[in-house]
Amino acid sequence: GKSIFFPKDPKAGGTWFAVDVYGTVLVLLNGAEEKHEVKLQYRKSRGLIVLDIISSESPKDFWSQVDLENIEPFTLILYQNNQLFQLRWNGNQKESISLDLNKKHIWSSATLYPKEIRAKRSDWFYTFLEANPVISKTKILSFHRYTEEENQQNGLVINRNEQMKTLSITQSVIEKNKGTILHYDLIAEQEFTTSFITV
């Protein structure tokens with residue numbers, strides 16, 4: 001019943017980043033607080049859960065209703081109606097935290113990076129903010145693309161022996177009555193941009 005913009009995972013058909021026509025943004029990170037033991041089979045892909053949530057009338061309200069039994073742990077960052085939330089499923093229970101919209105936040109997946117590396121990546125972000133008191137979409141994209149470029153294990157773009165690598169960077173900018181989404185395919189080295197008027 002509404003337009004949704006998202007890069008589609010070719011395997012499961014889900015996504016890790018979705019924006020609806022109202023300017024609601026939902027971002028998925030694999031894992032909750034800490035790395036978990038992976039079970040053999042889960043009921044549904046986390047990327048499809050993202051689409052279920054963003055497709056609802058109110059993603060924030062739907063979070064309390066959605067059945068996550070036998071779904072692998074994950075973290076969601078939700079921006080809706082000028083509010084910011086961290087939503088977490090640890091495999092047993094849901095958690096919802098309201099975040100300060102006036103502060104800057106960064107996350108790293110618990111399944112990919114141990115706690116000390118997540119802290120280091122966070123330090124890079126706050127160092128970048130100190131050096132750039134005025135943030136632009138170009139600067140933030142450059143931060144995600146080039147920070148610790150030589151660090152292929154834990155930089156912001158990884159390539160761990162061709163076994164695990166960052167495939168793309170997706171960014172959204174939500175303004176008063178306009179949304180813009182930029183998706184950069186790191187493998188094909190192609191950039192896709194789309195803009196829309198928010199309802």
Side-chain angles (χ1 to χ4, degrees), residues 1-9 12-39 41-123 125-126 129 135 140 144 156 169-176 179 181 196 198-199:
K2 62 179 171 179
S3 295
I4 299 168
F5 307 89
F6 61 95
K8 189 174 183 179
D9 173 10
T15 191
W16 57 95
F17 196 113
V19 182
D20 75 13
V21 75
Y22 299 102
T24 301
V25 182
L26 193 58
V27 180
L28 168 74
L29 289 98
N30 291 336
E33 187 83 13
E34 294 302 333
K35 194 169 181 176
H36 57 275
E37 264 188 52
V38 178
K39 293 180 190 173
Q41 203 164 353
Y42 290 99
R43 180 169 57 85
K44 194 174 188 177
S45 151
R46 292 168 289 195
L48 290 172
I49 297 288
V50 169
L51 290 178
D52 289 345
I53 294 171
I54 196 82
S55 298
S56 67
E57 196 174 320
S58 167
K60 177 64 178 72
D61 294 341
F62 187 70
W63 172 250
S64 59
Q65 303 161 26
V66 65
D67 176 15
L68 298 175
E69 189 65 40
N70 199 23
I71 301 294
E72 193 167 359
F74 62 88
T75 299
L76 294 174
I77 311 308
L78 172 66
Y79 173 78
Q80 180 183 338
N81 296 332
N82 218 29
Q83 293 180 291
L84 189 63
F85 304 95
Q86 175 185 282
L87 310 173
R88 249 186 195 150
W89 166 249
N90 67 8
N92 295 309
Q93 59 185 34
K94 293 177 194 172
E95 175 191 74
S96 177
I97 298 172
S98 184
L99 301 169
D100 187 341
L101 201 60
N102 298 307
K103 288 185 178 173
K104 311 288 190 289
H105 306 274
I106 188 166
W107 288 264
S108 294
S109 170
T111 61
L112 291 177
Y113 310 97
K115 197 171 188 175
E116 62 274 12
I117 299 296
R118 295 200 304 270
K120 192 177 280 189
R121 287 162 63 95
S122 184
D123 288 343
F125 180 59
Y126 292 111
L129 291 175
I135 297 294
I140 203 85
H144 281 283
L156 293 195
I169 298 169
T170 309
Q171 170 182 296
S172 66
V173 178
I174 305 298
E175 294 166 296
K176 205 171 204 173
I181 303 159
F196 59 95
T198 53
V199 178

Any chance you could measure Trp63, atom CH2, to Arg88, atom CZ, to the nearest 0.5 Å? 10.5 Å
Closest non-hydrogen contact found for Asn70 with Gln41 is OD1-O, 3.6 Å
Flag, side chain of Trp89 to backbone of Ile71, donor-acceptor distance under 3.5 Å: yes
Measure the spacing between CG of Leu26 and CZ of Phe6 and express it to the nearest 0.5 Å. 12.0 Å
Just by distance, do the side chain of Lys2 and the backbone of Ser56 share a donor-acceptor pair under 3.5 Å? yes
Which heavy atom in Leu156 sits nearest to a heavy atom in His144, and how many Å separate them? CB-O, 3.5 Å
Check side chain to side chain contact (heavy atoms under 4.5 Å, CB included) between Asn92 and all other residues, then give those that pass, not counting sequence neighbours. Asn90
Is Lys94 reaching over with its side chain to a backbone N or O of Val66, donor-acceptor style, under 3.5 angstrom? yes
Report yes or no: does Asp123 contribute a side-chain atom to a donor-acceptor pair with the main-chain N or O of Tyr126 at less than 3.5 Å? no
Do you know the tightest heavy-atom contact between Ala18 and Val50? CB-CG1, 4.3 Å
OG of Ser172 to CZ of Phe5, rounded to nearest 0.5 Å, is 11.5 Å
How far apart are the C-alpha atoms of Glu72 and Asn30, what are their side-chain angles, what is the distance that settles it, and do they pass the side chain to side chain contact (heavy atoms under 4.5 Å, CB included) test? CA-CA 8 Å; Glu72 193 167 359; Asn30 291 336; over 6 Å; no
Using a 6.0 Å cut-off, check whether atom NZ of Lys44 has over 12 heavy atoms from anything other than its own residue. yes
Pair Arg43 + Glu69: basic N to acidic O under 4.0 Å: no
Output the distance between atom CZ (Phe17) and atom CD (Gln171), rounded to the nearest 0.5 Å. 8.0 Å
All heavy atoms of Leu99 vs all of Phe85, minimum pair found to be CD1-C, 4.0 Å
Calculate, to the nearest 0.5 Å, the distance between atoms CD and NE2 belonging to Gln86 and His105 respectively. 9.5 Å
Rounded distance (nearest 0.5 Å) linking atom CZ of Arg118 with atom CG of Leu112: 10.0 Å
Taking side-chain contact (heavy atoms from CB on, under 4.5 Å) as the criterion, tell me which of Leu51, Thr170, Ile54, Leu48 meets it with Thr15. Leu51
Should the heavy atoms of other residues, nucleotides or ligands under 6.0 Å from CD of Glu57 be counted, would the total exceed 12? no
Under 3.5 Å, is there a donor-acceptor pair between the Ser58 and Gln80 side chains? yes
Tell me whether Thr24 contacts the main-chain N or O of Asn81 through its side chain, where contact means a donor paired with an acceptor under 3.5 Å. no
Which atom of Leu29 lies closest to which atom of Ser108, heavy atoms considered: CD2-C, 3.7 Å
Check this for me, if you would: do Glu33 and Lys115 make a salt bridge, where the nitrogen-to-carboxylate-oxygen distance has to be below 4.0 angstrom? no
Minimum-distance pair of heavy atoms, taken over all atoms of Tyr79 and Ile174: CE2-CG2, 4.2 Å
What residues, two or more places apart in sequence or in another chain, satisfy side-chain hydrogen bond (donor to acceptor under 3.5 Å, both in side chains) together with Ser45? none
Indicate yes or no: at least one non-hydrogen side-chain atom of Arg121 is less than 4.5 angstrom from one of Ile106. no
